[in-house]
There are 2 protein chains.
Amino acid sequence: MQPSQLSETWLNTLQNQGYRLTAPLKAIVEILAGSTRALSPVDLYDLGRKSTPGMGLVTVYRALEKLEESGLIQRVHQSEGCHMFIRSANGHEHLLLCQSCGKTVFFEGDDLGDLFKRVSEKYEFNIQEHWLQLYGLCAECYLNKDGQKKNI
Amino acid sequence: MQPSQLSETWLNTLQNQGYRLTAPLKAIVEILAGSTRALSPVDLYDLGRKSTPGMGLVTVYRALEKLEESGLIQRVHQSEGCHMFIRSANGHEHLLLCQSCGKTVFFEGDDLGDLFKRVSEKYEFNIQEHWLQLYGLCAECYLNKDGQKKNI
DNA sequence: GTAACTGCAAACGCTTTGCACCAAG
DNA sequence: CTTGGTGCAAAGCGTTTGCAGTTAC
């Protein structure tokens with residue numbers, strides 16, 4: 001799906017949930033639906049103010065709440081903190097993150113069923129959720145390894 | 001390894017790193033090395049003050065910093081927040097958490113190599129770290145499913 | 001028209017820092 | 001004796017809340 005299509009879909013979803021489509025919300029949806037990197041509230045505030053200058057940081061937090069509650073975005077957990085957001089995984093997708101430039105890719109991790117079965121039997125747990133993330137360096141950052149982080 | 005043995009090992013490690021073995025640090029090590037549940041700084045403060053009454057919350061934070069830096073404990077990430085700590089995984093262990101009572105178990109998840117290989121080739125990423133957690137209900141909580149959470 | 005949303009300012013809670021005193025080595 | 005650790009109080013920072021005005025529907 002193209003980013004613009006995706007943001008249309010998100011806006012429809014939000015509207016169907018009873019939320020009003022305001023300028024700040026549209027700006028934030030546009031950014032998040034089109035981003036291949038996880039973004040923090042302040043990132044969204046800075047980017048959002050380019051198209052919607054008066055927007056406040058509080059509005060970003062409130063939009064993130066709606067988007068997360070509607071299942072459209074998810075929090076990204078990293079060792080340095082858990083303050084970043086990206087579109088939600090579909091189905092059995094999992095996140096792969098570049099530790100240098102922040103690029104993210106979703107991959108299919110479909111073959112964990114056996115592991116779950118073994119673990120749930122061995123430890124007598126009813127497994128309800130799982131969570132897999134991979135961290136590494138993307139091709140570009142691996143080749144240009146120079147110790148300095150790139151900007152978004 | 002028995003909990004008391006484990007805390008001896010941790011204290012040796014910490015001493016070898018140049019840290020001094022003080023009463024509050026010993027108390028915190030004892031608690032964390034013996035716990036099968038993830039604990040928050042305030043949990044540690046409350047538990048620690050039973051054996052070391054004057055201990056301050058700041059000291060807990062400073063001890064956690066040392067323990068995390070030494071690789072003895074790790075942060076536990078959950079949807080509600082990432083403020084809990086537990087002993088570090090050894091080798092290829094991963095965490096399995098009960099969403100009701102908070103009990104945690106480490107399991108071996110050794111067969112992810114193939115997945116990493118496929119993903120790293122397909123997306124041209126050099127994978128350096130991975131992270132897998134399972135969430136569910138332990139046998140006891142699953143049987144007593146009554147909607148209410150139990151205390152530690 | 002009315003309820004949800006907005007931006008601002010203030011409050012909040014968790015975590016870190018500055019400091020004078022204390023104790024491990 | 002030295003220097004890292006301690007508890008306290010205050011500061012810091014990301015996030016949430018209260019509120020009066022605004023806007024989507």
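Note on naming: letters A, B, ... go to the chains in the order of the sequence lines (proteins, then strands), and numbering restarts at 1 for each one.
The distance from atom CD of Glu80(B) to atom C1' of dC14(C) is 17 Å, rounded to the nearest whole Å. Distance CG (Leu11(A)) to P (dA24(D)): 14 Å, rounded to an integer number of Å. Distance, Lys26(A) NZ to dT6(C) C1': 15 Å, rounded to whole Å. Following rounding to the nearest Å, Met55(B) (CE) and dT6(D) (C1') show an atom-to-atom distance of 12 Å. Spacing between atom CG of Asp46(A) and atom C1' of dG14(D) amounts to 15 Å, rounded to whole angstrom units. Whole-Å rounding puts the Leu14(B) CG to dG5(D) P distance at 10 Å. Distance Asn16(A) CG to dC25(D) P: 12 Å, rounded to the nearest Å.
Judged by distance alone, the side chain of Ser35(B) and the main-chain N or O of Leu32(B) form no donor-acceptor pair under 3.5 Å. When atom types are taken as modelled, the side chain of Thr104(A) and the backbone of Thr36(A) share a donor-acceptor pair closer than 3.5 angstrom.
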Quick one: what's the B/S/- string for nucleotides 15-25 of chain C, heavy-atom cutoff under 4.0 Å, read 5' to 3'?
SBBB----BBS

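Counting non-hydrogen atoms under 4.0 angstrom, Lys66(A) reaches the backbone sugars and phosphates but no base. Residue-level contact check: Gly54(A) touches the backbone only, with heavy atoms under 4.0 Å from sugar-phosphate atoms and none from bases.
When side chains are defined from C-beta on, Val29(B) counts as touching Leu14(B), because their heavy atoms get closer than 4.5 Å.
Phe106(A) meets the ring pair (Phe, Tyr, Trp, His ring centres under 6.0 Å) test with no other residue; sequence neighbours excluded.
The residues Glu93(B) and Arg87(B) are annotated as salt-bridged, a charged nitrogen and a carboxylate oxygen being separated by less than 4.0 angstrom.
Side chains of Asp43(B) and Ser40(B): a donor on one and an acceptor on the other come within 3.5 Å.
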